[in-house]
Student: 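Here you go, one structure.
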Amino acid sequence: MRLSKSFIPTLKEVPAEAVIPSHILMIRSGLVRQVSAGIYTWLPLGYKVLRKIMDIIREEMNAIGGQEFHFPGLNPREIWEQTGRVEAFGDILFHVKNRDYVLAPTHEEIVAYHAKGSVVSYKDMPQIWYQIQTKFRNEPRPRSGVIRGRQFIMKDAYTLDKDTEGLDRGYALHDKAYRAIFDRCGIKYFVVGASSGAMGGSKSEEFMVKSAAGEDTVAYCEKCGYAANAEVAQSVAVGAVHHPESKTIYEISTPDVKSIDELCAFLKIDESETAKSRIYFHEGKPVLVLMLGNDEVNETKLANVLGGTVRPAHPDELKEITGADAGSIGPINFPHRTIADNLLKDGNNLYSGANKNDYHIGGIDLKRDAPQIEYFDLRTAESGEKCIRCGSDLEVFKAIELGHIFKLGTKYSEALGVNFLDENGKEKPVVMGSYGIGVDRVFACFVEQNYDERGIVWKEPLNPFDIQLIGLNMKNAAVADTCERIYIDLIAEGYEVLFDDRLDASAGFKFNDADLLGMPVQVIVGEKNLKEGKVELKYRKSGQKKIVELANLTEELQHPV
RNA sequence: CGGGGCGUAGCUCAGCCCGGCUAGAGCGCUUGGUUUGGGACCAAGAAGUCGCAGGUUCGAAUCCUGUCGCCCCGACCA
């Protein structure tokens with residue numbers, strides 16, 4: 001393709017609305033353009049790559065027996081009422097104003113609609129149905145370019161089975177297909193077991209990519225693959241020390257000491273000798289939560305332990321409950337339920353608040369002085385702690401969700417009456433699974449993982465072109481003629497070539513554009529080298545350059561360095 | 001929905017606090033010429049109802065009110 005005739009609007013300057021690298025580069029290199037918040041046009045070069053991603057997805061979905069559909073984006077609201085999801089989605093669901101239609105944010109309802117009355121016998125199953133289609137969600141805050149949009153492209157698949165064993169098989173097939181898809185796209189990812197949230201159903205796994213732009217926080221062990229959402233992640237951390245001699249408790253005047261850091265500095269002690277108190281409300285009653293040192297309370301774990309929901313106490317409530325303000329609260333003589341993190345279990349000679357402003361208590365032996373305490377895992381795992389499975393270092397970081405596979409079960413088939421007759425002539429609801437991939441996210445994540453200060457660094461197989469052919473001075477007849485010949489030859493060899501044939505662009509301009517666009521190989525034709533019958537090859541990733549005989553060009557291209 | 005920021009030419013921004021001649025710069029664009037190995041140079045030019053609406057004022061990009069949009073943090077997130 002000739003650059004002079006292509007619509008590839010590159011930008012030298014960073015667009016004001018973009019913040020994260022992939023978003024900036026996707027706009028700067030003319031792949032996408034924003035139309036409105038969370039709404040993007042895929043420009044020709046970007047769409048070319050997007051199609052390559054979709055082709056890979058198609059191949060792998062077809063390989064596990066998937067059949068491609070194209071479901072409508074516009075759905076009758078009535079179907080969504082039947083599963084209760086108009087209410088469940090709430091404001092996220094787009095409603096059409098002049099008809100009783102909604103814009104589909106996913107397609108379980110439509111799949112169930114088609115299955116009903118058509119998939120009627122156990123002999124009709126299993127089925128794997130999928131599509132690659134635009135989805136609509138009225139996100140309250142679109143962000144990070146195409147990573148969270150109001151309109152996005154999703155590959156969604158659905159399995160229909162007669163029993164849970166069938167569902168297990170379909171689920172396993174998708175797990176395999178997803179790994180193949182992300183591997184082929186050249187994306188570094190990991191898999192996290194997750195709760196299935198509002199989708200309903202039991203088991204689910206998320207395919208994640210590490211990224212500062214991510215919306216989830218996960219703990220991950222590279223060594224053994226242990227990965228968990230930070231809300232539930234466990235880790236091995238050093239607990240409170242049990243000294244052979246337990247001191248007796250004593251009160252210490254600690255004027256203006258409010259935090260653990262200040263307490264440690266004031267008493268010249270280590271964090272591991274302190275216990276931090278937090279007051280939460282659970283079912284209307286206060287609960288003191290005691291953590292080692294500066295460990296943060298994990299509210300998800302706390303809620304799981306107590307059952308139901310919890311909320312932190314307001315500052316004005318603290319005084320009433322404890323007799324002190326935040327910073328001086330402690331477990332000794334605390335009149336309500338007290339629970340503590342496992343790391344404090346054997347602690348003695350600890351320091352904590354005295355429930356009296358500006359006073360702390362030292363010499364605490366929790367077993368002796370607060371025997372009523374119940375112990376649970378309540379802390380949030382942090383980087384550098386050890387993996388509970390293999391003991392290696394655990395890393396906690398932000399991640400983007402690329403794909404999610406769910407065992408739905410019979411939620412939708414029961415709601416919509418999608419039943420079949422089994423071997424015994426007994427009527428049963430179809431067992432469903434649901435499997436999504438954010439196609440635009442695959443694109444953005446690839447860019448997040450493959451760029452440098454000059455631009456995107458494409459690699460097989462997603463690269464939009466194999467080669468960028470650069471004619472440095474196209475007004476020079478020898479350069480122009482040689483470029484034309486190389487262009488035709490390379491295409492004949494089967495390469496996809498982007499030919500920078502612009503007449504008026506200067507050399508530096510073309511070099512910078514080529515680096516920004518990021519094709520794996522640049523073939524550079526300039527007067528200087530051409531006089532000696534040579535052209536230059538530049539490999540985008542390494543930056544390595546090589547002057548080669550024009551006659552040997554195609555051969556050289558077959559042996560990349 | 002809470003907090004913060006921004007809206008001036010295709011893009012990036014200055015001007016606004018402290019109202020006053022004809023609203024600016026760089027990049028990009030058009031025309032002509034010179035250039036061509038790391039975002040060239042010279043000359044001439046086109047391009048903005050200063051987001052929108054109302055108000056204050058002799059006078060508003062600038063002050064006030066409202067409204068819409070965009071970005072960031074948080075909440076939310078199959």
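Below, read A as the first sequence line, B as the second, and so on, with proteins coming before strands; counting in each chain starts at 1. Note that the structure is a prediction, hence the values are computed from the model and not measured.
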Student: For A:Ile147 and B:C71, what is the distance between atoms CD1 and P respectively, to the nearest whole Å?
Tutor: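 That distance rounds to 14 Å.
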Student: Could you please name the option among B:G37, B:U12, B:C71 that lies closest to any side-chain atom of A:Phe511?
Tutor: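 Between B:G37, B:U12, B:C71, the one nearest the side chain of A:Phe511 would be B:G37.
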Student: Kindly indicate whether the side chain of A:Glu13 and the base of B:G26 share any N or O donor-acceptor pair separated by less than 3.5 Å?
Tutor: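 By the distance-only test, yes, there is a pair.
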Student: Any N or O donor-acceptor pair under 3.5 Å from the base of B:G37 to the side chain of A:Asn529?
Tutor: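 By the distance-only test, yes, there is a pair.
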Student: Does the base of B:C76 carry an N or O that pairs as donor and acceptor with the side chain of A:Arg141 under 3.5 Å?
Tutor: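 There is none.
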Student: Relative to the 5' end of RNA chain B, which residue comes earlier, A:Gly38 or A:Lys135, by the nucleotide with the nearest heavy atom?
Tutor: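 Looking at RNA chain B, the more 5' nearest nucleotide goes with A:Gly38.
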Student: Of all the choices, B:G69, B:U12, B:G39, which nucleotide is nearest to the side chain of A:Arg28 once you look at every atom?
Tutor: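 For A:Arg28, the side-chain atoms sit closest to B:G39.
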Student: Salt-bridged, A:Arg148 to A:Glu401, with N to O below 4.0 Å?
Tutor: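 A:Glu401 and A:Arg148: not salt-bridged.
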Student: Just call it for A:Pro15: base, sugar-phosphate, or nothing, with non-hydrogen atoms closer than 4.0 Å on any strand.
Tutor: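 Sugar-phosphate, backbone atoms only, no base.
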Student: Indicate, with a heavy-atom threshold strictly under 4.0 Å, whether A:Ala18 touches base, sugar-phosphate, or nothing.
Tutor: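 Touches nothing.
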Student: Only pairs with both distances under 3.5 Å count, Watson-Crick or wobble alike; so what is the partner of B:C6 in this structure?
Tutor: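 Checking every strand shown, B:C6 finds its partner in B:G69, with both distances under 3.5 Å.
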Student: So does A:Lys475 reach the base of B:U35 with its side chain, donor to acceptor, closer than 3.5 Å?
Tutor: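 Donor-acceptor pair under 3.5 Å: yes.
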Student: With heavy atoms under 4.0 Å as the rule, sort A:Lys538 into base, sugar-phosphate or nothing.
Tutor: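 If one applies the 4.0 Å heavy-atom cut-off, A:Lys538 turns out to touch a base.
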Student: Out of B:C27, B:U12, B:C77, which nucleotide sits closest to the side chain of A:Lys12?
Tutor: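 In terms of side-chain proximity for A:Lys12, the closest of B:C27, B:U12, B:C77 is B:C27.
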Student: Which residue, A:Val146, A:Ile153, A:Leu50, A:Ile147, forms the side-chain contact (heavy atoms from CB on, under 4.5 Å) with A:Phe443?
Tutor: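 Passing option: A:Leu50.
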Student: Looking at every strand, decide which applies to A:Val479 at a 4.0 Å heavy-atom threshold: base, sugar-phosphate, or nothing.
Tutor: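 No contact at all - A:Val479 keeps every heavy atom at 4.0 Å or more from the nucleic acid.
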Student: Looking for any heavy atom pair under 4.0 Å, which part of the strands does A:Gln34 touch: base, sugar-phosphate only, or nothing?
Tutor: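 Here A:Gln34 touches the backbone only, sparing every base.
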Student: Which part of the nucleic acid, if any, lies within contact of A:Glu17, taking any heavy atom under 4.0 Å across all strands shown: a base, the sugar-phosphate backbone alone, or nothing?
Tutor: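 The residue A:Glu17 makes sugar-phosphate contact but no base contact.
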Student: Are A:Phe69 and A:Tyr130 an aromatic pair, judged by ring center distance below 6.0 Å?
Tutor: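 Centroid separation for A:Tyr130 and A:Phe69: 6.0 Å or greater.
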Student: Between A:Ile110 and A:Pro72, which heavy-atom pair has the shortest distance, and what is it?
Tutor: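 A:Ile110 and A:Pro72 have their closest heavy atoms at CG2-CD, 4.2 Å.
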